[in-house]
Amino acid sequence: MTDTPTQLFIGGTWVDATDGATMPVDDPATGEILCHVADAGPKDARLAEDAAVQAQEEWARTAPRTRSEILRRAYEIILERTDELAHLMTAEMGKPLAEARGEVVYAAEFFRWFSEEAVRVDGGFGTLPDGRNRMLLSRRPVGPCLLITPWNFPLAMGTRKIGPAVAAGCTMVLKPAPQTPLSSLALAAILKEAGLPDGVLNVVTTSRAGEVCEPLLRGGRIRKLSFTGSTQVGRLLLAQCADTVVRTSMELGGNAPFLVFEDADLDKAVDGAMVAKMRNMGEACTAANRFFVHSSVAEEFGRRLAERMGALVVGPGTRDGVDVGPLIDRAGRAKVVELVSDAVKRGARVLVGGRAPEGPGCFYPPTVLTDVSHESRLMDTEIFGPVAAILTFDDEGEVIRRANDTPWGLVGYVFTEGLDRALRVSERLEVGMVGLNTGLVSNPAAPFGGVKQSGLGREGGRVGIDEFLEYQYLAVPVR
Ligand code: NAP
């Protein structure tokens, strides 16, 4: 912790907030303060924006190979420091060390992927239908970007945006979540070490997100917002972007359905459920929120899932053998407590867990609820905790209707051994991603994103860089 930067990163320099303000970073396992970091105000945000705007022109002209090699070096440094970064992440966010190490590798992979994409941006040339006019197409960076990230994947949500922005030639102001600023600051230090020119990435940590970001979005100099967070905040930011027609990418909330058909392999379904529910203690936008299980296998599935969930070890993420760390903060835990209590009041049975322990830290035990009523609040609220809510169904058409009966559409999971059914159901689910007999879809080489109120655009994959590029069409008549 002693070497971790705690100041703002502006124009390649570490600086305090201009008014000297700082904010605490808490350890969710103990509730104790880990350290203080700079707490930026609007003036600091403007300085960060100035640095990004100033660096944009030269950065856009920098050779793609140079940009690519910076990302590649940063990828290697991140991997060399896996352990150090994992400890930092566990300290500020709570996830068990093994998961934090997994996230470091996942996060680094976005830099490797986009270092490869940076040199593959193509344009086009063609003859138009009249046979005379020619069309030259080139692609250019969209310009200075504001990147806003959540706390649940403190490193990967940063690299998933910074990677394509660097590859495309955009400069950036990054505003991480106030609960987890340290991972982003460590990332900025790594990019500087890897040779990123001053001003290309600027990081402002702040407890005043609205005051800091709104002037940037309305000011006319930021050309792109890439946001990951809740749908509620996403809507507000879209409205702020409307005035100056800022381009947006929105990775928003989810309400993932997890469908287990009567012909599913239950071993695969339970393994898949453990990943789809318990990755990141359930604090993931991709977390399975509603388990729809065919009535002929529901009891067996519930029993097996409860057994596996009940065997998980809950405790501080730094302790050996711990599977489930604390939730992010008291508010996060209070929400889970409330959702479970509401479901139980409406008739749900608790197969395992269901009671928050006494004592310090924001712990909540892995919980399985069955006989959950469709009217329960957790049916249309992201639980964001280790709670699996099981409902039953009898008919394929009916379960698809129920799975789609939500404003969100990020991801869905389908468990069946029938190819016909697998394709038929996946195609009818209103989601951006489907896990077919698997509980994990995230992969830097695949386009991640949702439909409906889960967002706009895609991150990762071949299309991830497109979000940071504009086309320019050059009309050339040939006589
Ligand atoms: P959140 O409350 O929406 O916050 C996300 C980020 O937005 C934080 O940095 C937050 O800072 C900032 N923010 C909040 N209000 C703002 C404003 N008025 N102006 C500018 N920035 C503002 O979400 P969260 O609770 O941190 O994260 C959980 C949510 O993220 C869930 O809904 C989850 O599904 C979603 N998520 C989606 C994806 C995806 O790829 N689709 C991935 C991960 C998470 P403050 O905390 O200071 O307000």
Side-chain angles (χ1 to χ4, degrees), residues 1 4 25-30 34 75-112 149-160 177 179-180 182-184 186-187 190 267-268 270-288 305 307-329 332-333 336 352-353 357 361-367 384-388 435 438-444 448:
M1 290 290 302
T4 305
V25 183
D26 294 338
D27 176 350
T30 60
L34 287 168
Y75 158 76
E76 282 159 8
I77 300 173
I78 292 174
L79 288 189
E80 278 161 23
R81 302 201 187 139
T82 299
D83 229 45
E84 193 183 312
L85 289 165
H87 273 93
L88 192 64
M89 197 190 302
T90 294
E92 65 177 350
M93 190 272 171
K95 69 179 75 183
L97 269 177
E99 279 206 58
R101 287 193 189 97
E103 182 180 338
V104 173
V105 175
Y106 173 57
E109 194 57 40
F110 283 104
F111 280 1
R112 176 158 71 165
T149 52
W151 48 261
N152 58 348
F153 292 96
L155 204 61
M157 294 302 99
T159 59
R160 199 163 81 170
Q179 295 93 332
T180 57
L182 301 175
S183 297
S184 296
L187 191 59
I190 287 173
D267 291 338
K268 280 188 204 163
V270 173
D271 284 351
M274 291 302 292
V275 177
K277 182 72 256 178
M278 293 308 295
R279 179 170 176 242
N280 222 37
M281 289 89 73
E283 292 174 320
C285 53
T286 49
L305 185 62
E307 208 171 281
R308 292 275 294 275
M309 293 278 270
L312 295 175
V313 179
V314 181
T318 46
R319 193 180 291 162
D320 274 351
V322 161
D323 304 301
V324 185
L327 296 180
I328 186 68
D329 51 26
R333 183 169 79 162
V336 175
V352 71
C362 307
F363 296 96
Y364 195 87
T367 297
F384 247 57
V387 178
T438 177
L440 183 69
V441 294
S442 306
N443 189 305
F448 187 104

(request) With the side chain counted from C-beta on, respond yes when C285 and F448 share a heavy-atom pair under 4.5 Å apart, and no when they do not. (result) yes
(request) Check for a donor-acceptor pair, side chain of T90 on one end and backbone N or O of K95 on the other, with a separation under 3.5 Å. (result) yes
(request) Return the minimal non-hydrogen interatomic distance between N152 and N280, and the atom names on each side. (result) O-ND2, 2.9 Å
(request) Verify side chain to side chain contact (heavy atoms under 4.5 Å, CB included) between T286 and R279, making sure each step is shown before the conclusion. (result) CA-CA 9 Å; T286 49; R279 179 170 176 242; 3.8 Å; yes
(request) Give a yes or no on this: more than 12 heavy atoms of other residues, nucleotides or ligands lie within 6.0 Å of atom CG of D320. (result) no
(request) Taking all non-hydrogen atoms of both residues into account, name the closest pair between D27 and A29 and its distance. (result) OD1-N, 2.8 Å
(message) Return the CG to CZ distance between L187 and F111, rounded to the nearest 0.5 Å.
(response) 4.5 Å
(request) Verify, without hydrogens or angle tests, whether E92 (side chain) and L182 (backbone) share a donor-acceptor contact under 3.5 angstrom. (result) yes
(message) Please report the interatomic distance CE(M93) to OG(S183), rounded to the nearest 0.5 Å.
(response) 9.5 Å
(request) Indicate yes or no: at least one non-hydrogen side-chain atom of R308 is less than 4.5 angstrom from one of D271. (result) yes
(message) I need the minimum non-hydrogen distance between L440 and V275, along with the two atoms involved.
(response) CB-CG1, 4.0 Å
(request) Give, for atom CG of L155 and atom CD1 of I190, the distance between the pair rounded to the nearest 0.5 Å. (result) 7.5 Å
(request) Please report the shortest heavy-atom distance between V352 and G310, naming the atom on each side. (result) CG2-CA, 3.7 Å
(message) Between P386 and L327, is there a side-chain heavy-atom distance shorter than 4.5 Å?
(response) yes
(request) Would you mind telling me which of E103, E99, R101 makes a side chain to side chain contact (heavy atoms under 4.5 Å, CB included) with M89? (result) E103
(request) State, yes or no, whether a side-chain contact exists between M309 and T367 at a heavy-atom distance under 4.5 Å. (result) no
(request) Sequence neighbours left out, what passes side-chain hydrogen bond (donor to acceptor under 3.5 Å, both in side chains) with Y364? Give chain and number order. (result) none
(request) Looking only at non-hydrogen atoms, find the nearest pair between A108 and L79 and report the distance. (result) CB-CD2, 3.8 Å
(request) State, with a plain yes or no, whether a side-chain heavy atom of Y75 is found less than 4.5 Å away from one of E109. (result) yes
(request) Kindly indicate whether the side chain of P96, heavy atoms from C-beta on, has any atom under 4.5 Å from the side chain of D323. (result) no
(request) Return the minimal non-hydrogen interatomic distance between I328 and E283, and the atom names on each side. (result) N-OE2, 2.9 Å
(request) Report yes if the side chains of R160 and Y106 come closer than 4.5 Å at any heavy-atom pair, otherwise no. (result) yes
(message) Quick check: do D329 and D26 have side-chain heavy atoms less than 4.5 Å from each other?
(response) no
(message) So, taking the atom named OG1 in T4 and the one named CG in L85, what distance separates them when rounded to the nearest 0.5 Å?
(response) 8.5 Å
